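Okay, structure first, notes after.
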Amino acid sequence: MRERLLQAIDAALRELLRDAGDSAAPPAFVVEAPRQNDHGDFACNAALLLARRLGRPARDIAATLIAKLGDAGGLLARAEVAGPGFVNLWLEISRWRSALHEILLAGPDCGRSETGAGRAFQVEFVSANPTGPLSVGHGRQAILGDCIARLLEATGWRVLREYYFNDAGRQMRVLGESVRARYLEQLGRATPPDQKAREGLPVVFPSDGYQGDYILDIAASIREREGEGWAREPGDGGFRQEATARIFDGIRRTLDALGVHFDVYSSESSLYDERCVETLLADLRATGLLEERDGALWLRSSELGLPRDRVLVKSDGEHTYLLPDIAYHREKFRRGFERVLDVQGADHKDQAPFVKAAVGLLGLDPTRLEFLFHEFVTLSTGGRKVKQSTRRATFITADELLAEVGVDVFRYFMIERRAQSHLDFDLELAKERDWTRNPAYYVQYAHARTHGIERQARARGVMMPTPEQVETEALALAEELELIRKLSVFREVVARAAETREPHHLAYYLREVAGLWNPYVQDSARHRVLGVDPALTRARLGLTLAVRFVLAAGLDLLGMSAPEQM
RNA sequence: GCCCCCGUAGCUCAGUUGGAUAGAGCACCGGUUUCCUAAACCGGGUGUCGCAGGUUCGAAUCCUGCCGGGGGCGCCA
């Protein structure tokens with residue numbers, strides 16, 4: 001709808017410019033739905049942008065533009081100059097009504113577009129190392145990444161969801177040592193670090209070990225299964241494996257419960273197995289930007305315009321995480337993705353430029369690699385902050401939060417805010433069962449109501465209409481036209497949310513649709529869907545179906561269920 | 001000290017590549033109504049868009065400086 005209008009205005013502008021002897025292209029004008037209804041269905045700022053260039057008053061140009069535009073091939077009912085030189089445009093009502101038909105014909109696909117054209121897009125997110133259960137911050141990231149993936153799919157991209165984890169470095173070793181220490185403590189062969197040493201019992205627990213209760217549980221289950229059998233094991237290997245497997249199981253269960261499913265889990269160690277890191281090091285050497293210094297191997301990244309140099313290989317021979325990270329991103333492109341998106345927490349912000357620069361250094365196009373950073377999550381209840389510290393007593397995991405509020409509310413609340421805003425998760429509101437107060441339920445209930453109406457219709461022997469049976473001329477009330485207008489931009493909203501990687505726009509949009517639909521249904525003193533006039537009833541049932549398609553598709557893009565009954 | 005994000009109504013937050021009189025939900029008050037499941041509708045009103053400059057037809061939006069909150073600045077991941 002807007003697309004066609006854009007084209008018509010563009011053509012009119014070119015004509016206008018030609019008349020003025022200006023052969024350059026028209027300016028980048030905007031056609032948008034203005035805030036105020038009496039400013040038309042759309043407003044265009046082209047005349048304002050041209051005023052200086054043509055040396056004429058903007059309102060003059062606007063008037064000329066309107067004359068050139070005419071009715072834009074039957075699209076326009078009215079156009080007028082407004083304010084400093086806007087052109088306000090009113091669409092022919094029949095055009096709005098045909099937008100409703102388009103939704104009914106598209107059905108569940110009413111939000112889809114094809115800009116991705118089947119190209120391959122990798123979204124990497126969560127990527128938490130298996131050292132403990134997922135935090136609420138990981139939970140936000142899981143929802144954010146998954147919703148972006150869903151949006152990209154809806155715009156025609158072929159999306160692969162990937163989870164990358166480090167299993168080769170020091171962190172995993174410390175994890176194994178932590179479990180081993182707890183195991184020995186439980187056998188009475190070691191002293192916990194917070195207790196006074198007993199006779200001859202050493203403290204084994206590492207100073208930077210993992211303190212959580214889940215470590216105790218893993219140790220206990222090993223003890224139950226193996227007895228004292230592992231006490232003489234010299235290294236942490238068995239413990240590390242056991243811990244990693246157990247924790248990863250938990251993480252996957254959590255993700256599963258959140259409705260987040262990865263296509264690929266890839267590990268740092270596989271990069272070593274396939275010699276990617278080795279190859280990378282050789283190729284980086286060839287760039288001449290590596291340098292031995294103090295026994296370590298440095299990347300002279302400051303010469304690439306970055307704030308400092310970085311160590312790739314430590315003086316003890318171990319790699320920093322940056323090195324395999326670069327190798328990993330190179331692999332992504334080798335695997336043929338047109339575009340790659342990394343979703344990460346704000347604490348990774350400073351690292352991205354190094355990876356990006358290294359990718360460029362290797363001759364790859366860094367603009368195909370995107371990063372999206374999200375800020376942290378805090379929990380509050382009734383305006384009071386809930387303390388989140390790593391101390392076990394007050395640490396709330398994604399699992400625990402999920403158990404409190406359920407997956408639909410979890411997802412809605414996590415996606416409602418833009419990524420770069422702090423997310424204040426209001427537990428009190430999230431646990432609110434009243435659909436009028438909890439926005440997640442408000443949207444879902446709006447959907448359920450379309451089925452409620454269908455149930456009523458069936459009880460009265462009224463059939464739901466096919467698209468062809470919907471005579472939209474019968475829809476004349478202001479609130480009906482407003483609904484149609486809102487529904488008709490769904491595809492654009494989805495496309496924009498996908499393109500800007502900003503799923504929160506979709507959440508807001510659905511809230512707005514529900515905010516029109518719920519009162520419409522509720523205020524049935526003035527307009528009942530199921531009435532005496534069969535044509536009007538069919539038209540309103542058509543509207544009901546269109547609302548259902550949009551809400552169902554929208555909820556699905558957020559990974560939420562669309563219940564038929566609540 | 002340097003870098004990044006944020007600062008919008010009492011609270012939580014939106015604000016479409018710079019657009020017209022800055023919005024939503026919650027919370028508060030009054031009136032109407034009882035209906036396709038839980039109530040809805042109408043009205044009441046609040047903003048130095050953190051502060052100060054600048055850019056221009058026009059700034060919450062862009063630039064500079066400052067203030068406040070968060071994150072980062074490791075041969076940790």
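In what follows, every chain begins at residue 1, and chains take the letters A, B, ... in the order their sequences are listed. Keep in mind the model is a prediction, meaning the values are calculated, not measured.
Under the salt bridge (Lys or Arg N to Asp or Glu O under 4.0 Å) criterion, the residue pairs touching residues 413-424 of chain A are A/Lys385-A/Asp424, with sequence neighbours excluded. Contacts classified as salt bridge (Lys or Arg N to Asp or Glu O under 4.0 Å) and involving residues 78-91 of chain A (residues at least two apart or in different chains) are given here: A/Arg78-A/Glu80. Here ring pair (Phe, Tyr, Trp, His ring centres under 6.0 Å) pairs that include residues 27-46 of chain A, with residues two or more places apart or in two chains, number zero. Residue pairs meeting the ring pair (Phe, Tyr, Trp, His ring centres under 6.0 Å) criterion with at least one partner in residues 409-430 of chain A, sequence neighbours excluded, are A/Phe413-A/Phe425.
Qualifying ring-ring contact (aromatic ring centres under 6.0 Å, His included) partners for A/Phe354, counting only residues two or more places apart in sequence or in other chains: none. With sequence neighbours excluded, no residue forms a salt bridge (charged side-chain N to carboxylate O under 4.0 Å, His left out) with A/Arg449. Residues passing the ring-ring contact (aromatic ring centres under 6.0 Å, His included) test with A/Trp435 are A/Tyr442, A/Tyr445, sequence neighbours excluded. Shown here are the ring-ring contact (aromatic ring centres under 6.0 Å, His included) partners of A/Tyr328, two or more places apart in sequence or in another chain: A/Tyr164.
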> In dot-bracket notation, what is the pairing pattern of RNA chain B, taking Watson-Crick (N1-N3 plus N6-O4 or O6-N4) and G-U wobble (N1-O2 and O6-N3) contacts under 3.5 Å, with [ ] crossing and | for other strands?
Replying inline: (((((((..((((.....[...)))).(((((.......))))).....(((((..]....))))))))))))....

Please enumerate all protein N or O atoms sitting under 3.5 Å from an N or O of nucleotides 20-26 of chain B, with distances to 0.1 Å.
unit_1: B/A20; atom_1: OP2; unit_2: A/Arg35; atom_2: NH1; d: 2.8
unit_1: B/A20; atom_1: N6; unit_2: A/Asn88; atom_2: OD1; d: 2.4
unit_1: B/A20; atom_1: N1; unit_2: A/Asn88; atom_2: OD1; d: 3.1
unit_1: B/A20; atom_1: N1; unit_2: A/Asn88; atom_2: ND2; d: 3.2
unit_1: B/U21; atom_1: O2'; unit_2: A/Gln36; atom_2: OE1; d: 3.4
unit_1: B/U21; atom_1: O2; unit_2: A/Gln36; atom_2: OE1; d: 3.4

Would you tabulate the pairs of protein nitrogen or oxygen atoms and nucleotide nitrogen or oxygen atoms of nucleotides 73-77 of chain B closer than 3.5 angstrom?
unit_1: B/C75; atom_1: O2; unit_2: A/Ser315; atom_2: N; d: 2.8
unit_1: B/C75; atom_1: O2; unit_2: A/Ser315; atom_2: OG; d: 2.7
unit_1: B/C75; atom_1: N3; unit_2: A/Ser315; atom_2: OG; d: 3.3
unit_1: B/C75; atom_1: N4; unit_2: A/Asp294; atom_2: O; d: 3.0
unit_1: B/C76; atom_1: OP2; unit_2: A/Lys314; atom_2: NZ; d: 2.3
unit_1: B/A77; atom_1: OP2; unit_2: A/Tyr321; atom_2: N; d: 3.2
unit_1: B/A77; atom_1: O3'; unit_2: A/Asn166; atom_2: OD1; d: 3.1
unit_1: B/A77; atom_1: O2'; unit_2: A/Asn129; atom_2: ND2; d: 2.6
unit_1: B/A77; atom_1: O2'; unit_2: A/Gln171; atom_2: OE1; d: 2.9
unit_1: B/A77; atom_1: N6; unit_2: A/Tyr321; atom_2: OH; d: 3.4
unit_1: B/A77; atom_1: N6; unit_2: A/Gln351; atom_2: NE2; d: 3.1

Indicate every side-chain donor-acceptor pair of residues 482-490 of chain A with a distance under 3.5 Å to a residue at least two apart or in another chain.
unit_1: A/Arg485; atom_1: NH1; unit_2: A/Asp41; atom_2: OD1; d: 2.6
unit_1: A/Lys486; atom_1: NZ; unit_2: A/Glu512; atom_2: OE1; d: 2.8
unit_1: A/Ser488; atom_1: OG; unit_2: A/Arg485; atom_2: O; d: 2.8

